[in-house]
Amino acid sequence: MSEYIAVKKQIAELQKKLEAIKAQETQAAIDQCKKLIADFELTAAQLGFGSPKATKATKPVKKVVAVKYADEKGNTWTGRGRSPAWISEAAAAGISRDTFLQS
């Protein structure tokens with residue numbers, strides 16, 4: 001038998017042995033985890049396995065920004081970001097932005 005085939009056979013035998021050892025040690029780890037969970041009365045949420053609502057991983061709440069500018073047609077703008085078309089058009093017509101300020 002060639003050395004290549006002999007080594008290949010050894011690798012296959014070691015793979016089988018590795019799988020058996022892994023299965024045995026995995027079961028031991030699971031048993032140990034179950035014992036610790038029972039001893040300390042841990043919940044899934046405490047271990048990080050709860051639903052997303054049980055953890056603090058919720059989306060941040062968006063702040064509502066008060067309207068700073070409004071016109072008689074019901075158009076509004078908070079004053080943040082790019083100015084809307086109705087403000088730009090009013091400025092082009094010579095109307096001051098301050099005209100639309102809300103008190």
Side-chain angles (χ1 to χ4, degrees):
M1 191 179 339
S2 74
E3 186 177 354
Y4 171 77
I5 294 173
V7 170
K8 195 171 180 179
K9 185 178 177 183
Q10 286 178 337
I11 290 173
E13 290 171 3
L14 287 173
Q15 284 287 1
K16 287 181 185 178
K17 186 175 181 180
L18 175 68
E19 289 173 14
I21 292 170
K22 181 181 178 186
Q24 181 182 7
E25 289 187 10
T26 298
Q27 189 57 51
I30 290 170
D31 294 340
Q32 183 181 7
C33 289
K34 286 181 179 180
K35 182 181 180 321
L36 289 171
I37 289 169
D39 289 347
F40 289 95
E41 300 175 356
L42 300 173
T43 65
Q46 289 174 314
L47 297 171
F49 299 119
S51 67
K53 291 181 181 178
T55 62
K56 299 282 182 178
T58 57
K59 292 182 180 178
V61 178
K62 289 185 178 181
K63 286 187 176 180
V64 177
V65 180
V67 173
K68 189 172 181 181
Y69 300 96
D71 68 359
E72 65 280 349
K73 295 178 186 174
N75 294 318
T76 60
W77 182 42
T78 61
R80 292 185 176 184
R82 191 172 149 194
S83 61
W86 62 272
I87 288 275
S88 299
E89 290 167 3
I95 301 172
S96 171
R97 183 180 287 186
D98 295 339
T99 307
F100 302 109
L101 268 174
Q102 297 295 302
S103 45

**Step-by-step side-chain contact (heavy atoms from CB on, under 4.5 Å) determination, I5 to K9** = CA-CA 6 Å; I5 294 173; K9 185 178 177 183; 5.5 Å; no
Exercise: identify the closest heavy-atom pair between [X] and [Y]:
X: L36; Y: L42; result: O-CD1, 4.4 Å
X: D71; Y: N75; result: OD1-N, 2.8 Å
X: K68; Y: G79; result: CB-N, 4.4 Å
X: E41; Y: Q46; result: O-OE1, 3.9 Å
X: V65; Y: R80; result: CG2-NH1, 3.3 Å

**Message:** Do Y69 and L101 have side chains that approach each other closer than 4.5 Å (heavy atoms only, starting at C-beta)?
**Reply:** yes
**Asked** With a 4.5 Å heavy-atom cut-off, do D31 and Q27 have their side chains touching?
**Response** yes
**Message:** Is there a continuous path of hydrophobic side-chain contacts, each under 4.5 Å between heavy atoms, that joins F40 to L47?
**Reply:** yes
**Prompt:** More than 12 heavy atoms of other residues, nucleotides or ligands under 6.0 Å from CD of Q32: is that the case?
**Reply:** no
When rounded to the nearest 0.5 angstrom, what distance separates [atom1] in [X] from [atom2] in [Y]?
X: E13; Y: K16; atom1: CD; atom2: NZ; result: 7.5 Å
X: E3; Y: Q10; atom1: CD; atom2: CD; result: 9.0 Å
X: L18; Y: I11; atom1: CG; atom2: CD1; result: 12.5 Å
X: T76; Y: I87; atom1: OG1; atom2: CD1; result: 10.0 Å

**Message:** Angle between ring planes, F100 versus W86, binned at 30° and 60°: parallel, tilted or perpendicular?
**Reply:** perpendicular
